[in-house]
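Okay, so here's the structure we're looking at.
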Amino acid sequence: MFEEPEWAEAGPVVAGLGLVTSQAPPATAPKVKGRKRRQLLATLRALEAASLSQKPLSLPGSDSEEEDGERKKKKHSPKPSFPSASAGVGGKRKKKCQTQSLAPSDSEDLEVERKKCYKQTLFDNDCAEEKRKRKRQKQAPSNLTQPLHNIDQSGLKVLEKNAIDDPPKASPGLTSPNAPHTLSRKQWRNRQKNKRKHKNKFRPLQPSGQAPAEASTEETEMLPAPRPDSQEARAEALRARMTQRLDGARFRYLNEQLYSGPSSAAQRLFQEDPEAFLLYHRGFQNQVKKWPLQPVDRIAKDLRQRPASLVVADFGCGDCRLASSVRNPVHCFDLASLDPRVTVCDMAQVPLEDESVDVAVFCLSLMGTNIRDFLEEANRVLKPGGLLKVAEVSSRFEDVRAFLRAVTKLGFKILYKDLSNSHFFLFDFEKTGPPQVGPKAQLSGLKLQPCLYKRR
Ligand SMILES: C[S@@+](CC[C@H](N)C(=O)[O-])C[C@H]1O[C@@H](n2cnc3c(N)ncnc32)[C@H](O)[C@@H]1O
């Protein structure tokens with residue numbers, strides 16, 4: 001039979017719960033009898049039941065010996081075993097629970113009361129926890145926006161470090177109207193913009209022609225007005241355009257002079273102004289490069305199909321393109337020199353022996369009004385049976401037949417004609433002998449139209 005110890009009456013019930021089951025009663029304890037004993041036993045059972053239902057709350061999930069020891073200490077301490085955050089209203093209720101549990105008259109009532117207290121305590125704990133959560137949430141936004149507070153307070157340095165490298169992402173916390181110190185994404189961008197504007201205001205001007213080391217797209221957008229270097233570039237472009245126009249006009253003038261006068265005049269012109277020759281040839285090259293086929297290339301192709309031993313005389317050679325395109329020995333004649341191979345002369349009188357060459361070439365070079373002189377000179381230097389090749393701008397011919405008849409009178413026979421090209425006609429003649437007509441005979445068929453270029 002279990003005997004009720006006397007010390008248990010004197011000690012606090014809550015503090016003695018664990019000892020009831022774990023310690024033997026002292027041998028000197030006085031015996032309790034009858035109705036009083038039964039009451040005491042009932043109270044003890046009720047208290048034991050209540051203590052078992054409280055255990056999981058005080059140390060959830062802990063089963064180590066150390067924690068058990070700790071739990072026991074807490075149970076013995078006068079403080080409540082629930083978190084201190086529940087102090088206040090919850091604390092008062094606990095006191096009440098303790099008081100009630102000290103003097104119950106009935107074990108069932110006591111148990112009901114204990115459960116009530118336990119539930120109330122749980123509720124108080126929940127409330128306290130909720131309060132703590134709300135408090136934490138209130139504190140959270142101010143921590144998140146800390147770097148942006150720094151921007152406001154400490155100026156551009158912090159702004160550059162925190163904001164430029166890593167712009168803030170849009171978040172409800174940052175854009176909330178309840179957070180007055182935070183910046184929205186738009187505000188942040190505006191700040192960046194203003195900062196750049198401020199910087200550009202005091203930036204030194206770039207020297208012309210020198211590109212900035214870091215030219216970002218944004219900087220270009222920030223400076224819509226033309227910068228000095230771009231103005232200079234435009235002026236340079238304008239100057240180049242004007243120069244090009246002037247050169248074009250001079251080329252057309254020189255070209256007209258070459259076609260409208262005797263070769264002697266052209267020779268004088270280029271002797272007096274060697275630069276005019278360069279200018280003329282630049283203009284000519286600009287024109288002829290637009291052609292589908294350059295006649296000089298066609299003549300070169302023909303010559304390459306003949307023996308390379310044939311001696312060629314190029315009347316009006318220009319930049320010696322023909323001589324560069326064939327393996328034949330080529331005598332190059334022109335009014336001025338663009339190449340060391342050129343013999344500068346009027347082709348009406350070339351420094352070659354009579355009947356010394358196999359092929360005589362006039363590629364777009366029958367320019368003066370004295371075409372007869374050129375063809376008679378070719379007849380002189382060509383060997384009997386020698387080849388005369390003529391390429392000329394097709395539009396110059398009013399009457400091709402008249403031209404061919406006139407050439408025939410000068411000691412040639414037509415071998416081949418190609419009128420198929422849109423830009424030039426091509427003729428091959430064979431020297432048959434010396435000219436058939438006297439110096440005063442009229443050869444109107446040799447009169448070709450000047451090749452004039454239109455202004456574009
Ligand atoms: C239109 S360019 C043709 C150049 C070259 N034959 C070609 O096809 O590429 C005409 C050339 O004949 C030259 N020329 C015109 N009349 C001349 C003359 N009387 N004596 C020497 N060369 C002349 C010009 O100086 C010019 O170089």
Side-chain angles (χ1 to χ4, degrees), residues 248 250-303 312-326 328 330-352 357 359-378 380-381 388-396 418 421 423-427 446 448-453:
R250 288 185 73 193
F251 164 71
R252 287 193 298 277
Y253 170 77
L254 288 168
N255 185 65
E256 199 174 332
Q257 294 296 305
L258 290 172
Y259 282 113
S260 57
S263 56
S264 54
Q267 189 177 31
R268 273 200 304 277
L269 178 69
F270 290 136
Q271 278 172 351
E272 288 167 9
D273 185 4
E275 208 183 308
F277 188 75
L278 291 170
L279 200 147
Y280 167 77
H281 265 278
R282 205 163 48 232
F284 168 71
Q285 293 298 334
N286 282 337
Q287 293 293 328
V288 84
K289 73 183 177 191
K290 298 171 194 163
W291 295 13
L293 173 66
Q294 289 196 38
V296 68
D297 294 337
R298 171 71 189 277
I299 292 170
K301 189 183 173 189
D302 287 353
L303 286 180
V312 179
D314 188 2
F315 291 77
C317 63
D319 59 0
C320 300
R321 191 178 174 107
L322 181 64
S324 303
S325 308
V326 296
N328 305 66
V330 180
H331 298 286
C332 301
F333 303 110
D334 209 298
L335 292 169
S337 175
L338 293 173
D339 187 285
R341 289 170 288 185
V342 174
T343 301
V344 176
C345 64
D346 179 352
M347 61 186 183
Q349 289 179 317
V350 294
L352 285 176
V357 299
V359 182
V361 176
F362 291 89
C363 184
L364 307 178
S365 57
L366 297 174
M367 298 182 85
T369 51
N370 51 331
I371 290 177
R372 180 176 176 170
D373 296 341
F374 307 145
L375 292 176
E376 285 183 344
E377 183 68 348
R380 182 186 72 80
V381 299
L388 171 66
K389 290 182 85 67
V390 175
E392 201 47 73
V393 177
S394 53
S395 60
R396 294 189 70 192
D418 182 358
N421 192 282
H423 287 71
F424 59 90
F425 291 163
L426 197 66
F427 307 99
L446 292 180
L448 301 178
Q449 294 296 315
C451 174
L452 303 177
Y453 296 94

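Counting starts at 1 for both ligands and their atoms, in listed order.
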Would you tabulate the side-chain donor-acceptor contacts of residues 273-283 under 3.5 Å, counting partners in other chains and residues two or more places apart, or write 'none'?
residue: Asp273; atom: OD1; partner: Glu275; partner atom: N; Å: 3.3
residue: Asp273; atom: OD1; partner: Ala276; partner atom: N; Å: 3.3
residue: Arg282; atom: NH2; partner: Asp247; partner atom: OD2; Å: 3.4

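The backbone N or O of Ser263 lies less than 3.5 Å from a partner atom in the side chain of Asn370, making a donor-acceptor pair. In this structure, the side chain of Arg396 engages the main chain of Gln449 through a donor-acceptor pair within 3.5 Å. Judged by distance alone, the side chain of Asn328 and the main-chain N or O of Val330 form no donor-acceptor pair under 3.5 Å.
For ligand 1, one of its N or O atoms has an N or O atom of Gly316 under 3.5 Å away. Taking any N or O of Cys363, backbone or side chain, at least one lies under 3.5 Å from an N or O belonging to ligand 1. At under 3.5 Å, a nitrogen or oxygen of Asp334, whether backbone or side chain, sits near a nitrogen or oxygen of ligand 1. Residue-to-ligand polar distances place Met347 within reach of ligand 1: an N/O pair is separated by less than 3.5 Å.
For Phe362, the closest heavy-atom approach to ligand 1 does not fall below 4.0 Å. Contact analysis puts Asp346 in contact with ligand 1, with a non-hydrogen atom separation below 4.0 angstrom. Contact annotation: Gly368 has no heavy atom less than 4.0 Å from any atom of ligand 1. By the 4.0 Å heavy-atom criterion, Phe277 is counted among the residues contacting ligand 1. Assignment of His281 to the shell around ligand 1 is supported, since a heavy atom sits closer than 4.0 Å. Distances from ligand 1 to the non-hydrogen atoms of Arg321 include no value under 4.0 Å. Under the 4.0 angstrom criterion for non-hydrogen atoms, Ala391 is not in contact with ligand 1.
Looking at heavy atoms from C-beta onward, Pro295 lies in side-chain contact with Cys363 at the 4.5 angstrom threshold. Counting heavy atoms from C-beta on, the side chains of Phe362 and Leu388 come closer than 4.5 Å. You'll find the side chain of Asp334 stays beyond 4.5 Å of the side chain of Asp314, heavy atoms only. Inter-residue side-chain proximity for Thr343 and Val350 is flagged as unmet; no heavy-atom pair is nearer than 4.5 Å. Here the side chains of Phe315 and Phe374 are not in contact, with every heavy-atom distance at 4.5 Å or above.
Counting protein heavy atoms only, atom 15 (C) of ligand 1 is closest to Met367 SD, 3.6 Å. Looking from atom 9 (O) of ligand 1 to the surrounding protein, the closest heavy atom is Phe284 CE2, 3.8 Å.
Contacts of Cys317 with ligand 1, taken as heavy-atom pairs under 4.0 Å, involve the backbone alone. Contacts between Tyr280 and ligand 1, counted as non-hydrogen atom pairs separated by less than 4.0 Å, involve the side chain only. For Ala336, no heavy-atom contact with ligand 1 is shorter than 4.0 Å.
Of all atoms in ligand 1, listed by their number and element, those nearer than 4.0 Å to a heavy atom of Phe374 are 19 (N). Using a 4.0 Å cut-off to heavy atoms of Cys345, the atoms of ligand 1 that qualify are 20 (N), 21 (C).
Atom 22 (N) of ligand 1 has its nearest heavy-atom neighbour, among Leu366, Leu335, Leu338, in Leu335.
Applying the side-chain contact (heavy atoms from CB on, under 4.5 Å) test to Arg321 and every residue at least two apart in sequence or in another chain returns Gln294, Val296, Asp297, Asp319, Ser325.
The pair Arg268-Glu272 fails the salt-bridge criterion, with no side-chain N (NZ, NE, NH1 or NH2) lying under 4.0 Å from an Asp/Glu carboxylate O.
With a 6.0 Å radius and a threshold of 12 heavy atoms from other residues, nucleotides or ligands, Gln285 has its CD atom above the threshold.
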